[in-house]
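Note sheet for the following structure.
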Amino acid sequence: MRVLIIGSGGREHALAECFMRSKGVVKVVVSPGNAGIAIQYQCQNLATHDEIINYCTSEAIGLVFIGPEQPIAHGLSDKLVAAGIPVIAPSQYAAQLESSKIFAKELMLNQGIPTARYIIAKNLKEAEALLSEFSYPLVIKADGLAAGKGVSIAHNLVDAMEALHSTEFTAQGVILEEFLQGWEASLFAITDGQHFVSTIFAQDHKQLYDYDTGPNTGGMGAYAPVPEAETYRAQIEDEIISPILAAMREMGHPYKGILYCGLMITSEGPKVIEFNCRLGDPEAEVLLPLLETYLMDICQAILSNDVINLHVEFKNSTAVAVVLASEGYPQEYAKGYPISIPEPLPTGVYFCGVRRAEKGFVTSGGRVLCVTGMGDNITDARTSAYAKLSKVSFHGQTYRKDIGLRKNSL
Ligand code: AMP
Ligand code: GLY
């Protein structure tokens with residue numbers, strides 16, 4: 001079987017590695033990939049959906065796995081299905097669970113799925129008038145995809161006004177939402193639309209600086225598993241995952257693929273912060289190295305509607321992933337700094353924003369690379385990740401030193 005992975009970051013690098021470990025996979029191609037991924041795997045720059053379909057046909061690709069949300073939201077999955085090419089990613093319609101936060105919130109409200117109380121404001125004037133309905137902190141969310149930058153947490157009226165003026169209103173508006181107190185965890189449902197299996201829990205660290213300060217990013221590090229979250233697994237499956245999948249089926253658009261549940265564990269129980277229609281980045285860089293079941297077997301179960309018989313095993317270890325970012329990220333940052341990295345490449349180094357230069361690699365993105373360490377427990381996994389990380393360097397590198405140290409208690 002030949003597999004094509006769509007995407008260009010650390011998640012796609014980890015996917016390539018995980019597919020290559022699967023029995024029966026003979027070749028992995030990543031499109032577009034990046035210069036770091038290209039050390040180990042073929043990268044192919046397929047610029048349009050049609051190019052992807054033609055490539056799959058001419059190269060006898062047996063499975064396409066779409067990493068990021070944008071191509072899913074733009075309907076790539078539907079096009080591949082129409083062309084008879086097996087794909088792991090939900091349809092464009094079902095992916096609205098991520099691509100429209102208003103779609104997701106309304107569905108949750110209708111199904112009684114626990115989530116933060118919210119109001120939709122159609123325009124700026126309406127939003128300003130509604131501010132008095134909330135106390136602070138108040139969360140303001142853009143409706144559409146925003147690469148982790150569509151959420152503002154306002155601590156007072158001045159913050160809220162500023163956030164409203166810088167948030168893009170879609171035709172549907174924006175969301176004003178209650179701030180949830182608690183601690184965060186992510187759970188991933190592997191589903192054929194009818195049945196699902198949930199993975200181990202992971203925890204992302206979204207803020208730029210240690211101890212959860214600074215601006216929100218796409219994710220500065222993650223670890224898995226999260227033992228404290230296990231208490232809530234049954235409740236999350238029964239009150240969140242089952243009803244949202246049932247709702248999608250009832251709408252005639254079963255959700256097939258991987259559903260990312262971003263959760264806040266509150267004193268009232270787990271509540272949904274957001275759904276995503278894919279694996280997380282950097283969550284994939286901790287989940288996939290721990291995955292013991294062949295990823296290809298998981299994909300086959302989704303495709304053949306056989307998730308009811310799927311058992312997913314993870315190693316009895318802990319993984320910690322630390323992201324090295326460019327100075328300035330998530331705002332403006334400079335690119336083109338040479339990256340010093342050991343050769344041969346240590347395991348668990350996943351490339352995100354890098355490109356080839358005359359001599360070696362240079363930085364070319366906000367998140368540059370992600371380093372995963374494994375161990376018997378969180379302390380050993382942290383030690384391994386930070387030891388590997390200390391051998392990589394580039395000008396202005398920014399990373400968090402506290403990945404995996406959060407206290408998960410109410
Ligand atoms: P999102 O893009 O929806 O995942 O939001 C990004 C981050 O903002 C989340 O990981 C949370 O840390 C925070 N956040 C979003 N919504 C809320 C909320 N209602 N209450 C508290 N924190 C939130
Ligand atoms: N790490 C968060 C995300 O992938 O959306």
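Given the structure is predicted, the values throughout are model-derived calculations rather than measurements. Numbering of ligands and ligand atoms starts at 1, following listing order. All residue numbers refer to positions in the sequence shown, counting from 1. Reckoned from all heavy atoms, side chains included, excluding hydrogens, waters and symmetry mates.
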Ligand-protein N/O pairs under 3.5 Å (ligand 2):
| unit_1 | atom_1 | unit_2 | atom_2 | d |
| --- | --- | --- | --- | --- |
| ligand 2 | 1 (N) | D204 | OD2 | 2.8 |
| ligand 2 | 1 (N) | G218 | O | 3.0 |
| ligand 2 | 1 (N) | D281 | O | 2.9 |
| ligand 2 | 1 (N) | E283 | OE1 | 2.9 |
| ligand 2 | 1 (N) | E283 | OE2 | 3.4 |
| ligand 2 | 4 (O) | R278 | NH1 | 3.0 |
| ligand 2 | 4 (O) | D281 | N | 3.0 |
| ligand 2 | 5 (O) | N276 | ND2 | 3.4 |
| ligand 2 | 5 (O) | R278 | NH1 | 3.4 |
| ligand 2 | 5 (O) | R278 | NH2 | 2.8 |

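- Sorted by first and then second residue, the side chain to side chain donor-acceptor pair (under 3.5 Å) pairs involving residues 369-396 (not counting sequence neighbours) form an empty list.
- For Q207, the heavy-atom gap to ligand 1 stays at 4.0 angstrom or more.
- Close approach of ligand 1 to K101 (heavy-atom distance below 4.0 Å) involves ligand atoms 1 (P), 2 (O), 3 (O).
- Residue contact check for ligand 1: Q181 places no non-hydrogen atom closer than 4.0 Å to it.
- Across the listed options M264, K141, K206, E184, E184 owns the non-hydrogen atom lying nearest to atom 12 (O) of ligand 1.
- Where the criterion is an N or O separation shorter than 3.5 Å, residue side chain and backbone included, L180 meets it with respect to ligand 1.
- Figure legend: K401 and Y399 shown as a cation-pi pair, the cationic atom lying under 6.0 angstrom from the six-membered ring centre and within 45 degrees of its axis.
- A cation-pi contact links R356 to F361, judged by a cut-off of 6.0 Å to the six-membered ring centre and 45° from its axis.
- Contact atoms of ligand 1 toward V139: 16 (N), 17 (C), 18 (C), 19 (N), 20 (N) (distance under 4.0 Å to a heavy atom of the residue).
- Using modelled atom types, one finds a donor on one side chain and an acceptor on the other under 3.5 Å when comparing K105 with T115.
- Between F65 and F19, the distance separating the two ring centers is shorter than 6.0 angstrom.
- Counting only residues at least two apart or on different chains, no ring-ring contact (aromatic ring centres under 6.0 Å, His included) pair has a member in residues 153-178.
- A distance of 6.0 Å separates CG of L303 from CG of L63, quoted to the nearest 0.5 Å.
- Contacts classified as salt bridge (Lys or Arg N to Asp or Glu O under 4.0 Å) and involving residues 111-138 (residues at least two apart or in different chains) are not found.
- Set against the non-hydrogen atoms of N216, the atoms of ligand 1 under 4.0 Å away are 6 (C), 7 (C), 8 (O).
- Rounding to the nearest 0.5 Å gives a distance of 13.5 Å between CE of M248 and NZ of K256.
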